[in-house]
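First up is the structure itself, then whatever we jot down about it.
Keep in mind it's a predicted model, so treat the numbers as computed, not measured.
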There are 2 protein chains.
Amino acid sequence: MTDRVMKKHVRNQGRLHCDMGVSINRELELEQPLEDIRHELVLNIVRTATQISQKGALLFRRFDLTEAQFNVLFALKYKTSAWTQSDLSKRLVVTRASITSVLDKLEDKGLVMREKVPGNRRIYHVALTRQGKNLIDTVEPVYRETIHKALDSFSDRQCLELIHRLEQVRARADEVA
Amino acid sequence: MTDRVMKKHVRNQGRLHCDMGVSINRELELEQPLEDIRHELVLNIVRTATQISQKGALLFRRFDLTEAQFNVLFALKYKTSAWTQSDLSKRLVVTRASITSVLDKLEDKGLVMREKVPGNRRIYHVALTRQGKNLIDTVEPVYRETIHKALDSFSDRQCLELIHRLEQVRARADEVA
DNA sequence: ATCAAACTGTTAGACGCTTTACATTTGCCT
DNA sequence: AGGCAAATGTAAAGCGTCTAACAGTTTGAT
């Protein structure tokens with residue numbers, strides 16, 4: 001740690017001015033090193049996903065949910081068979097440990113339940129509670145409507161093409177490993 | 001907290017078996033609620049970005065870097081003017097608080113330095129150290145080569161089209177707010 | 001010249017994610 | 001039947017991100 005960090009703020013408890021957080025006030029030169037269009041594509045994909053996630057987070061917060069919590073509720077709503085935590089982790093492409101922590105929070109809120117499974121003492125079946133079902137039924141239409149508004153300039157065909165391209169990207173990226 | 005959580009593991013210190021982490025052993029039904037192609041597109045974008053990030057993290061870890069740390073070094077390498085932490089936060093589209101924590105770690109590793117600015121006691125100019133410059137110069141070619149290998153089935157024109165589409169998505173998503 | 005608003009960087013707390021390591025349970029294979 | 005590997009869920013530590021709140025500095029309007 002440098003001494004810079006040691007500087008402490010102890011006075012000025014009153015807060016009379018406004019802190020608007022990050023804002024754009026000055027243009028940065030977005031100079032590119034060389035015309036590396038593939039690097040640019042990668043940046044664009046990540047940037048778009050980030051923006052989508054942040055917009056989603058704002059929406060979900062209106063219902064006191066995080067994005068991860070919404071994803072779990074949404075997945076549970078449309079499952080047709082009994083799912084374990086491990087199943088959930090594969091479906092959402094996160095580790096089992098992540099599922100444990102998200103489920104802990106959802107269980108505390110009374111939105112999901114872990115049910116012991118008679119034949120197997122290792123696993124739990126995860127399911128929505130009545131309250132969880134009600135909540136996701138409330139959030140889902142808002143979520144879908146927002147997505148449609150955001151993407152209404154895209155035709156179904158354009159969406160499909162874009163999806164196809166992204167699948168190609170994933171497939172190739174997988175091979176490189 | 002439920003009693004489930006209270007269960008403690010205290011014995012069996014020996015670890016003779018292998019824990020390979022999450023693996024795919026059983027197919028999950030990926031049933032979709034209705035044919036919501038736009039929702040599918042959103043999932044695809046986020047999923048692709050996640051995969052890219054995880055692949056990148058693997059690569060960067062070979063150089064003892066996280067993705068966020070790489071992003072900072074990479075941005076600093078190609079800046080043409082002096083950048084403050086705030087500039088960096090805008091460039092990387094994260095909050096100033098995030099930049100503070102990443103820079104703390106990079107500074108501890110001796111890869112970047114914060115320089116006081118004579119005319120303005122509020123800001124620091126952030127720059128690569130000699131060591132930081134050397135490191136990013138080592139990592140960058142590997143990074144670029146990986147991206148090119150992963151995307152070599154895309155023509156420049158296809159990349160451009162895809163970028164354009166993604167920019168459209170971001171623009172529209174911004175409007176919805 | 002003053003003063004309020006804006007800007008910059010930091011801190012604290014929360015969250016999600018990962019990795020690593022573990023206890024327990026199950027299942028397969030000889 | 002026994003034993004070893006795999007599978008499941010949990011815990012802890014580390015990282016990056018966010019929001020909120022703050023101290024200090026600068027700026028701009030009056």
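Whole-Å rounding puts the A:E67 CD to C:dG16 C1' distance at 10 Å. The distance from atom CG of A:N71 to atom P of C:dC15 is 17 Å, rounded to the nearest whole Å. Spacing between atom CZ of B:F60 and atom C1' of D:dC15 amounts to 15 Å, rounded to whole angstrom units. Straight-line distance from the CD atom of B:E115 to the C1' atom of C:dG9: 16 Å, rounded to whole Å. Atoms CG (B:L88) and C1' (C:dT8) sit 13 Å apart, rounded to a whole Å. What separates CD1 of B:I123 from P of D:dT27 is a distance of 9 Å, to the nearest Å. Atom CD in B:Q85 sits about 16 Å away from atom P in D:dT25, given to the nearest Å. Atom NZ of A:K90 is separated from atom P of D:dA6 by 15 Å (rounded to the nearest Å).
With hydrogens and angles ignored, no donor-acceptor pair under 3.5 angstrom links the side chain of A:R122 to the base of D:dG9.
Aromatic ring centroids of A:F70 and A:Y143 lie under 6.0 Å apart.
Within 4.0 Å of B:Q54, counting heavy atoms only, lie sugar-phosphate atoms of the nucleic acid but no base atom. Across all strands shown, A:S101 has no heavy atoms under 4.0 Å from either base or sugar-phosphate atoms. Using a 4.0 Å heavy-atom distance criterion, A:A57 is classed as making no nucleic acid contact.
The 12-atom threshold is not exceeded at NE2 of A:H164, counting heavy atoms of other residues, nucleotides or ligands nearer than 6.0 Å.
For B:T100, no side-chain nitrogen or oxygen approaches OP1 or OP2 of C:dT11 to under 4.0 Å. One finds a side-chain N or O of A:R121 lying less than 4.0 angstrom from the OP1 or OP2 phosphate oxygen of C:dT26. Close to D:dC15, at under 4.0 Å from its OP1 or OP2, lies no side-chain N or O of B:T66. Distances shown here put a side-chain N or O of A:S86 below 4.0 Å from the OP1 or OP2 atom of D:dT8. In terms of phosphate contacts, A:Q69 brings a side-chain nitrogen or oxygen within less than 4.0 Å of OP1 or OP2 of C:dG16. Contact check, B:T95 against D:dT19: no side-chain N or O comes under 4.0 Å of OP1 or OP2.
Comparing C:dG16, C:dT8, D:dG9 by their nearest atom to the side chain of A:K105 picks out C:dG16. The side chain of A:Y124 lies closest to D:dG9 when the candidates are C:dG16, C:dT19, D:dG9.
Checking A:G119 against A:V93, the closest nucleotide of DNA chain C that is more toward the 5' end is the one next to A:V93. For the pair A:A97 and B:L103, nearest-nucleotide mapping onto DNA chain C gives the more 5' position to B:L103. Comparing A:R61 and A:H125 by the nucleotide of DNA chain D that holds the closest heavy atom to each, the one mapping nearer the 5' end is A:H125.
Checked by atom type, the side-chain pair A:S153/B:Q168 shows no donor-acceptor distance below 3.5 Å. In this model, no donor atom of one side chain and acceptor atom of the other lie less than 3.5 Å apart for B:S89 and B:R96. Residues A:T50 and A:S53 bring no donor and acceptor atom of their side chains to less than 3.5 Å of each other.
Linking ILVMFWY side-chain heavy atoms closer than 4.5 Å, directly or via other members, places B:V93 and B:Y78 in two distinct hydrophobic clusters.
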